[in-house]
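Notes follow once the structure below has been shown.
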Number of protein chains: 2
Amino acid sequence: MEKIRGEAKGRSASGRRAERTLQRDPERTRASILAAATWEFAENGIGGARVDAIAERAGINKRMLYHYFGDKEQLYLAVLEDAYVGIRTAEKSLNLSDLEPEQGISELAMFTWGYFLEHPEFLSLLGTENLHRARWLRQSTRLKELHSSFIDKLADLLQRGKAEGLFRPDVDPLNVYLTIAALGYFYLSNQYTLSTIFGRDLMDKGNLDVWKRHIVHVTLASIRR
Amino acid sequence: MEKIRGEAKGRSASGRRAERTLQRDPERTRASILAAATWEFAENGIGGARVDAIAERAGINKRMLYHYFGDKEQLYLAVLEDAYVGIRTAEKSLNLSDLEPEQGISELAMFTWGYFLEHPEFLSLLGTENLHRARWLRQSTRLKELHSSFIDKLADLLQRGKAEGLFRPDVDPLNVYLTIAALGYFYLSNQYTLSTIFGRDLMDKGNLDVWKRHIVHVTLASIRR
DNA sequence: CAAGCCAGTAACTAATCGGTTACTTTGTGA
DNA sequence: TCACAAAGTAACCGATTAGTTACTGGCTTG
């Protein structure tokens with residue numbers, strides 16, 4: 001099948017810049033590889049992911065994948081970094097400093113739950129990364145700088161709560177965050193074995209809502225005086 | 001390298017039965033394949049596990065692996081079944097019905113935590129199985145029969161607590177168990193990314209102990225009236 | 001003790017997979 | 001406008017990997 005020469009020439013000669021109708025578009029190509037790779041790695045883990053499958057899903061030639069990302073492992077790292085940037089960016093919309101202590105904890109818990117629920121691929125990538133003992137996370141300078149911003153804000157919030165006599169004085173910010181994350185992560189990432197064994201559909205709308213309220217309740221109950 | 005004929009004949013002719021010095025020992029071979037496969041699947045996931053690596057680790061010829069287990073997937077299923085049998089067997093040592101309600105919850109939480117801590121391979125296999133949406137667990141008739149025995153016992157325990165006015169009347173047994181499991185599972189299975197990002201060694205003896213007490217505290221705080 | 005089955009080995013194979021080579025096409029700036 | 005770099009393609013390659021073949025050695029039973 002031949003390309004129509006005249007058409008391409010006519011377009012480029014018109015002087016319009018980056019019309020998004022270009023036959024060649026590095027940014028879009030890169031983005032579609034990243035999206036396809038995120039799906040493939042989340043779905044199959046790093047050992048099960050197939051480079052050819054990523055190329056096909058992205059609608060590009062496999063050569064391009066190596067052109068933009070080097071090799072399979074570097075592509076995986078780019079996917080992981082992108083996923084972390086995603087949650088850290090979303091976190092910024094949370095303004096814990098403006099809220100009453102109990103309200104703040106509740107918002108943090110619901111935000112975390114909501115993010116996990118909407119981003120199953122993030123949970124899956126975390127699972128893969130931990131299977132490999134954070135091998136790629138540890139070698140990523142970019143991710144080591146990108147530490148969670150809200151542990152500090154959470155510490156302030158808890159401090160205010162303690163000063164008001166609402167929270168126990170020995171409450172630790174990281175442990176509070178781990179509690180919230182644990183309850184959300186486990187419920188969602190292990191839903192398949194749990195639903196099978198206990199015969200309850202954990203993704204049922206009603207059950208999801210019960211669990212969301214449960215996380216808030218548990219977290220608050222554990223830190224109150 | 002030649003086998004020494006006389007030695008082997010002499011041994012078998014002596015009339016002693018199953019001296020455990022047999023050159024051929026089906027049970028031991030099977031067991032060593034299973035142990036090696038458990039390690040390999042837990043370490044690399046199903047996609048990353050290598051049949052040759054399992055054979056080498058088990059000290060057997062690869063042919064034997066197919067002889068005893070059929071193929072890689074059936075071997076994985078055998079590993080998964082074995083792991084579940086392990087925890088269900090251990091659960092039986094718990095006698096919740098003999099304990100006071102609060103004491104019972106505390107024992108259950110500490111037992112679960114202890115088991116997870118001593119069996120990282122079980123957590124890893126759960127992660128792999130969930131990545132694949134419980135594909136093998138669902139097709140295993142053996143595992144579907146092997147449901148967790150202590151949800152019923154836990155229900156009784158909670159019922160007693162409710163009757164004594166200790167626990168809230170709306171407390172759900174499965175949610176209590178999920179809470180306990182979630183707090184243990186997430187802390188341990190995600191320790192690598194968490195330690196890297198938050199700069200705290202979660203496997204430090206002191207931190208492990210704090211978390212154990214934390215699980216008990218959180219669980220009790222969430223169900224008390 | 002003969003016969004047959006089961007345990008075990010070494011070497012092989014077909015297919016898969018990550019990565020590359022050799023090449024063409026397209027955009028752009030001197 | 002043309003030279004050059006970047007974007008893109010198709011076909012290929014060597015290594016790995018799950019699974020097999022063809023065979024030997026050893027245990028049990030009638």
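Just so it is clear: chains get the letters A, B, ... in the order the sequence lines come, proteins before strands, and each one is counted from 1.
Side-chain N/O atoms of A:Lys62 and base N/O atoms of C:dG19 include a donor-acceptor pair closer than 3.5 Å. Taking only distance into account, the side chain of A:Arg63 meets the base of C:dT21 through a donor-acceptor pair shorter than 3.5 Å.
When distances are taken from the side chain of A:Asn61 to each of C:dA10, D:dA10, C:dG18, the shortest belongs to D:dA10. With D:dG8, C:dG19, C:dT9 as the candidates, the nucleotide lying closest to the side chain of B:Met64 is C:dT9.
One can place CZ of B:Phe69 at 12 Å from P of C:dG8, the figure rounded to the nearest angstrom. Between the CD1 atom of B:Ile46 and the C1' atom of D:dA18 there is a distance of 12 Å, rounded to whole Å. Rounded to a whole Å, the CZ atom of B:Arg30 is 11 Å from the P atom of C:dA7. Atoms CD (B:Glu56) and C1' (D:dT17) sit 14 Å apart, rounded to a whole Å. C:dC17 atom C1' lies 8 Å from atom OH of A:Tyr66, rounded to whole Å. A:Gln74 places its CD atom 13 Å from the C1' atom of C:dG19, with the value rounded to the nearest Å. Rounded to whole angstrom, the span from the CG atom of A:Leu65 across to the P atom of C:dG18 amounts to 10 Å. Computed from coordinates, the A:His67 NE2 to D:dA10 P distance equals 16 Å when rounded to whole Å.
The side chain of A:Tyr68 contributes an N or O atom lying less than 4.0 Å from OP1 or OP2 of D:dG8. The phosphate of D:dG8 (OP1 or OP2) has a side-chain N or O of A:Thr29 nearer than 4.0 angstrom.
At least one side-chain heavy atom of B:Tyr84 sits less than 4.5 Å from a side-chain heavy atom of B:Leu80.
Residue contacts shown for B:Ala49 are limited to sugar-phosphate atoms, with no base heavy atom under 4.0 Å away. When heavy atoms are screened at a 4.0 angstrom cut-off, A:Ala53 is found touching no nucleic acid atom at all.
Take the nearest nucleotide of DNA chain C for A:Arg50 and for A:Gly70: the residue whose nucleotide is more 5' is A:Arg50. For B:Ile60 and A:Asp71, each mapped to the nucleotide of DNA chain C holding its nearest heavy atom, the one lying further toward the 5' end belongs to B:Ile60.
Aromatic ring pairs are classed by plane angle as parallel below 30°, tilted from 30° to 60° and perpendicular above 60°; the pair A:Phe122 and A:Phe116 is tilted. Under the 30°/60° scheme for interplanar angles, the aromatic rings of A:His132 and A:Trp136 are found to stand perpendicular.
Atoms CH2 and CD, from A:Trp39 and A:Glu121 in turn, are 12.0 Å apart once rounded to the nearest 0.5 Å.
Not less than 6.0 angstrom separates the ring centroid of A:Phe186 from the ring centroid of B:Phe186.
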